[in-house]
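Each ligand, and each atom within it, is numbered from 1 in the order the structure gives. In this chain, numbering begins with 1 at the start of the sequence shown. Note that this is a predicted model, so its numbers are computed, not measured.
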Amino acid sequence: MKKLIMSIAVALSALSMHAGDADFSLVVPLPQTIQAQKGAGFILNATTVVDVQGDDATLQRDAQFLIDYVKEASGIQLTTGKAKKNVIILKLNQKLSGEEAYQLTINEKNIVLEAKTTKGIFYGIQTLRKSLSFTPEESITFPAVKINDQPRFGYRGMHLDCARHFFPIEFVKRYIDIMALHNMNTFHWHLTDDQGWRVEIKKYPKLAQLGSERPQTVIGHNAGIFDGIPYGGYYTQDQLRDLVKYAAERNITVIPEIDLPGHMLGALKAYPELGCTGGPYEVATEWGVFDDILCAGKDNTYTFVKNVLDEVLDIFPSKYIHIGGDEAPRKRWKNCPLCQKKIKELNLQPKGNFPVEAQLQNYFMSQVTKHLAAKGRKVIGWDEILEGDIEPGTTVMSWRGLAGGKAAAEQGLDAIMTPVDYCYFDYYQTPEMPRDIMLFNGYIPVEKLYSYDPVPADASEAMKKHILGAQANLWSEYIIGHELAEYQVLPRMAALSEIDWMDFSKKDFGQFKVRETHMAKIYDHYGWKYCKQMWKDK
Ligand code: TNX
């Protein structure tokens, strides 16, 4: 019955509307409140002007985004200017609260977009953009409404692994564009791994020269057959700086990840003296976890890591730096005289069920953390870092389920939730058969992801306080080419955006599907690939 009433209501509102009208009920993530106002709506046409109040340069730039979006979506060319009516006003208002909040007030005369910060203005503009029909129009009617909106979480993240497969910088910008449309604000960039080092480091040129190239790549799920084709690629520091700026203009902070002390074969190939055995090492040609990691017993290793990170800090101004910490086997350290000497010197003792080498790993990580803290930065690590003593102020990225987030919060540490069962976008989003591409064997359909709550209602107070938000990861062992990358993240990024933005109690998968049908038109408009399975499922 409820469903029937809903569909009648939707049908009736559709009847009174022209197909090209703006419709805020179709925006993803759905704004927190949309209240209808008395009176007629606003008619936007080629004579509408955008009035940027004040002299904030960022606001000027945001106005240009708005003008570009309207042009892309409808063909209507707006200009900036001043007017009494037929005007869209953008203004900062210190009386409003919320770092990313905005308020939109629409009536016959004008659209007023106000926020405390330019971040809020940017999201208001995204909402205006997503309300458009993306069909050529001469005029667009906006309903008379008042919208008050702000995100549930301050950390809304997407990750991209450019180590297993390299994505050219043009694609990374496209990925940032997709994120911006979905109000995501953090890009976690996985830049180094066993299969390739992808950052130019001036002090250690061999990282890019040798560490970025593998001789060949395994076919399929480590089937033992190789393609025989050398594979490589890295980003210059200029390219990275340009990307940081591009993302910042779209309110996206880039957090670089230099994965330590494991997943380091790229670096070990270039500088074999940094490993326990001294090598020689090869950049990995298969997927998985490898025994050779950085030696924690040599002073050189610490110097190397600090020097590398100093250059990374210079490129990436983010408050957080991700230093990995995942999947580092301690086999080499057990047999390495220098690592064992270090353990003795430091008088490290095993903790709980974990061997003493886990404490050595945490010593290693805490040296790095202290170095970064002295330069005003904070550290994020994968949840394995909880296996030893951890530096205060470290943020845990919880990937192996809820446990990491819980344990972190109980120790008073912040956590970012990226559980493998919900947030791994390298997994399938289509059911068992038929599957036309080879990926990891996990299955995360959009509906399952949509049901995820980073802070469940029964969570402890500690969790409520310390969970910063949710992130999804696109590991790229099997992600070859930008079309597949887009297909894997869409439409799942839209579901993630509602997880991070909306109150859990307001979410409804059926309604999300209706909104997403509209969003798919926007994806089509920009030529982004996406998976259509959600619309095939009942
Ligand atoms: C686990 S999540 C990894 C990655 C893999 C991924 C594949 C994490 C911290 N490590 O190295 O690419 O699984 O899904």
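- Aromatic ring centroids of W475 and H190 lie under 6.0 Å apart.
- R400 and E387 are joined by a salt bridge, as a carboxylate oxygen and a charged side-chain nitrogen come within less than 4.0 angstrom of each other.
- Using a cut-off of 4.0 Å between Lys/Arg side-chain N and Asp/Glu carboxylate O, E170 and R174 are scored as not salt-bridged.
- A cation-pi contact links K342 to Y302, judged by a cut-off of 6.0 Å to the six-membered ring centre and 45° from its axis.
- Between R241 and D314 a salt bridge is recorded (basic side-chain N to carboxylate O distance below 4.0 Å).
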Once you restrict both partners to nitrogen or oxygen, which atoms of ligand 1 have a protein partner under 3.5 Å, and how far apart are they?
unit_1   : atom_1 : unit_2 : atom_2 : d
ligand 1 : 10 (N) : D326   : OD2    : 3.0
ligand 1 : 10 (N) : E327   : OE1    : 3.3
ligand 1 : 11 (O) : R164   : NH2    : 3.0
ligand 1 : 11 (O) : E327   : OE1    : 3.3
ligand 1 : 12 (O) : R164   : NH1    : 2.8
ligand 1 : 12 (O) : E477   : OE1    : 3.3
ligand 1 : 12 (O) : E477   : OE2    : 2.6
ligand 1 : 14 (O) : D426   : OD2    : 2.7

Side-chain donor/acceptor pairs under 3.5 Å, residues 344-355, sequence neighbours excluded:
unit_1 : atom_1 : unit_2 : atom_2 : d
N347   : OD1    : Q349   : NE2    : 3.0
K351   : NZ     : D389   : OD1    : 3.3

